[in-house]
Undergrad: 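Supplied in structure tokens, the structure appears directly below.
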Protein chains: 2
Amino acid sequence: MAQTNHPVRTVDRTLEILEIIRELDGAGVSEIADRVQVGKSAVHNHLNTLAQREYVVKEGDEYHIGLAFLGLGAYARNRNEIYDTARPAVDKLAEETGELVNLLVEKQGRGIFLYKAEGDQAVQLGTYAGQRVHLHSTGLGKAILAFRPREEVEAILDEHGMPAATDKTITDRETFFEELDEIREQRYAVDREEGLPGLRCIAVPITDGHDRALAAISVSCPSQRVDDERFFEELPNEVLSAANVVELEHNHS
Amino acid sequence: MAQTNHPVRTVDRTLEILEIIRELDGAGVSEIADRVQVGKSAVHNHLNTLAQREYVVKEGDEYHIGLAFLGLGAYARNRNEIYDTARPAVDKLAEETGELVNLLVEKQGRGIFLYKAEGDQAVQLGTYAGQRVHLHSTGLGKAILAFRPREEVEAILDEHGMPAATDKTITDRETFFEELDEIREQRYAVDREEGLPGLRCIAVPITDGHDRALAAISVSCPSQRVDDERFFEELPNEVLSAANVVELEHNHS
DNA sequence: TATAATGGTTCTGCCTGGCCAAACGGCGTT
DNA sequence: AACGCCGTTTGGCCAGGCAGAACCATTATA
């Protein structure tokens, strides 16, 4: 997307305010005004306008994100048909493995978590639905990129770069493409603490009828608790078969 | 909430635009401009500003709600601690009954659906997470209001009125309070096609330690398919015990 | 093909309305 | 009782949002 020529600054400000409120987990007028670099009265007016429609709510002396966004958010998620078909499979996989299972889609060259399910031993990460991540530094992202044409992948890397998330993140382009080749061959990706230290995961793409990835699902587990045999021998098959179910269902209906 | 004195019109316009896009399930600039009563260029600027941050996305020649809202929406939902504790119970209830199960909270005198789960025979309604409804015309709302002080209920009815949703909706205030008395006694509410024609439901409040309702869960089923015995004799107990589990867990942690 | 119609994008200048600063009022603290 | 901190209100200035028209791109019609 090229630069906007005439951005509506007021809208930008509103969005910034909302993001700040979420970051701070609730905030007061002055606090927000400081960060946004606009006067208190302006912030106050924004908040009141949003509050009118319950996009924010005032609780005591601080403002919070309102449930009105749930309508838009849930709607946006449901527009990805993959969500509906994948959800049961993700839940099931979480229950069976006992671990953390995630569903990710690619939008504008970045990954967005659509859904997660936690098994009873699942690690508690800070991941949340709607979170955006780089594709190259997660198993999920690699699984998706492996099933995209090379030029598309190049374009994405050009745009977003390959910043290191941990010291194991692949930051060299050639190495990365070799990795993708391997993923394509075995049809699943392994994330060896490339996204978060101490966390490994197995990710499998969900493709359309033409071997193009639409999304990916993964199982994440702490390197310590899960030994290599379970991780490298058993998990891949479980994730693969879950993804397979989703693919079949998705490409039929 | 009193009227805002200095609403930020630009923000209002943005919100209107977003709501229109959702309503129309995707829309073009001209289409939106018509409805919002502003020029095409203004709408265009708004959309571009939103697109910059992926709050909207352009797909072909129409704009759609973007996944950036999922972050805010999911966050807003998770701020209600009841969501986390109730979700498993709602899922389980849906599976056991095979019907549609909903979770509703009260905000500013109206009901907001937080979550739904569908059993394998569940009716397909247009309800979605984030949807706002009147409290007096749904079983869920009645269940909540029954466990609120009378003056609070009066205030809510004053503010929002008692519009009829179907010909069975209770629109008389005295009758309504009698209904609430009965609900309080049996601890569950029955919705006899008061919210939607042909749809009945059993709703049970989730209360805090002081008998004040925080939320409610319900099972909805078509009047035809489910006979009176199952509906009046069996369902209430199933919903009651599910709600009970949630209450216990919620009031402990 | 030509031509028209439709819808998205760009541009310009007017004037609204969003913002700042300052003042006010409510609360809690010293 | 005076101070300090915050949210809210007010007034006035001028940035910036909007309308309108011109400009493209694409599809429909003949």
Side-chain angles (χ1 to χ4, degrees), chain A residues 1-66 68 79 107-108, chain B residues 1-66 68 79 107-108:
Chain A
M1 166 109 21
Q3 321 274 44
T4 307
N5 295 328
H6 297 282
V8 185
R9 296 176 99 73
T10 308
V11 174
D12 263 325
R13 250 164 243 149
T14 297
L15 297 175
E16 266 174 56
I17 289 173
L18 289 167
E19 284 165 11
I20 286 172
I21 294 177
R22 179 180 50 177
E23 249 173 58
L24 300 181
D25 209 56
V29 174
S30 307
E31 208 172 353
I32 297 170
D34 281 350
R35 304 219 172 198
V36 164
Q37 295 287 12
V38 301
K40 287 195 294 174
S41 63
V43 172
H44 177 254
N45 288 341
H46 277 256
L47 290 172
N48 268 57
T49 310
L50 290 165
Q52 201 94 316
R53 297 167 180 244
E54 287 180 52
Y55 284 95
V56 303
V57 288
K58 195 173 161 184
E59 290 178 7
D61 54 357
E62 53 182 31
Y63 288 85
H64 281 274
I65 302 297
R79 289 196 59 245
K107 295 277 146 145
Q108 335 273 348
Chain B
M1 166 107 24
Q3 320 274 42
T4 307
N5 295 328
H6 296 282
V8 185
R9 297 175 98 74
T10 308
V11 175
D12 263 325
R13 265 183 281 257
T14 298
L15 297 176
E16 265 173 58
I17 289 173
L18 289 167
E19 284 165 10
I20 286 173
I21 294 177
R22 180 180 49 176
E23 248 173 60
L24 300 181
D25 210 57
V29 174
S30 308
E31 208 173 352
I32 297 170
D34 280 350
R35 303 217 173 200
V36 166
Q37 296 286 13
V38 301
K40 286 197 294 176
S41 63
V43 172
H44 178 254
N45 288 341
H46 278 254
L47 290 172
N48 269 57
T49 309
L50 290 165
Q52 201 95 316
R53 297 165 179 247
E54 288 182 52
Y55 284 95
V56 303
V57 288
K58 195 174 161 182
E59 292 177 6
D61 54 356
E62 54 183 32
Y63 288 86
H64 282 275
I65 301 297
R79 288 197 59 245
K107 295 277 147 146
Q108 334 272 349

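What's counted below: heavy atoms across the whole structure, side chains too, no hydrogens, waters or symmetry copies. In the text below, chain A, chain B and the rest are named by the order of the sequence lines, each starting its count at 1.
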Undergrad: Got Leu24(A) and Tyr63(A) here, is their nearest side-chain heavy-atom distance under 4.5 Å?
TA: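 A side-chain contact is absent here, since even the closest heavy-atom pair is not under 4.5 Å.
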
Undergrad: Are any of the side-chain heavy atoms of His46(B) and Thr10(B) separated by less than 4.5 Å?
TA: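 Contact flag for His46(B)/Thr10(B) side chains = yes.
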
Undergrad: Does the protein touch nucleotides 17-24 of chain D at the base, only the backbone, or not at all? Give it as B, S and - per nucleotide, heavy atoms under 4.0 Å.
TA: SSBB----

Undergrad: Going 5' to 3' along DNA chain C, which nucleotides are the first and last within contact of chain B (any atom under 4.0 Å from a heavy atom)?
TA: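 Footprint of chain B along DNA chain C, 5' to 3': dG7(C) to dG18(C).
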
Undergrad: Quick check: do Ile32(A) and Leu47(A) have side-chain heavy atoms less than 4.5 Å from each other?
TA: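 Ile32(A) vs Leu47(A): side chains touch.
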
Undergrad: Taking Tyr55(A) as the fixed residue, which of Leu18(B), Val11(B), Leu15(B) is the one that meets the side chain to side chain contact (heavy atoms under 4.5 Å, CB included) rule?
TA: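 Going through Leu18(B), Val11(B), Leu15(B) one by one, the side chain to side chain contact (heavy atoms under 4.5 Å, CB included) with Tyr55(A) is satisfied by Leu15(B) alone.
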
Undergrad: Taking atom CZ of Arg22(A) as the centre, does the number of heavy atoms from other residues, nucleotides or ligands within less than 6.0 Å exceed 12?
TA: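 Counting neighbours around CZ of Arg22(A), more than 12 heavy atoms of other residues, nucleotides or ligands fall under 6.0 Å, so yes.
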
Undergrad: How long is the line joining CG of Asn48(A) and P of dT10(D), in whole Å?
TA: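 Value for this atom pair: 13 Å.
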
Undergrad: Please give, in whole Å, the distance from dG16(D) P to Asp12(A) CG?
TA: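 Between P of dG16(D) and CG of Asp12(A): 12 Å.
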
Undergrad: Check whether any side-chain heavy atom of Glu16(A) lies under 4.5 Å from a side-chain heavy atom of Arg53(B), and answer yes or no.
TA: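 Side-chain contact under 4.5 Å: yes.
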
Undergrad: First locate atom CZ of Arg35(B), then atom CD1 of Ile17(B), and finally report the distance between them rounded to the nearest 0.5 Å.
TA: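 Reported value, rounded in 0.5 Å steps: 13.0 Å.
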
Undergrad: So, Arg79(B) versus His64(A): side-chain donor-acceptor pair below 3.5 Å or not?
TA: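 On atom types as modelled, these side chains qualify, holding a pair under 3.5 Å.
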
Undergrad: Looking at dC6(D), I'd like to know if its phosphate oxygens (OP1 or OP2) sit under 4.0 Å from a side-chain N or O belonging to Tyr63(A).
TA: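 Answer no for this pair, as no side-chain N or O of Tyr63(A) is under 4.0 Å from OP1 or OP2.
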
Undergrad: Just the rounded figure in Å: distance from C1' of dG7(D) to CG of Leu47(A).
TA: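 After rounding, the reported distance stands at 11 Å.
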
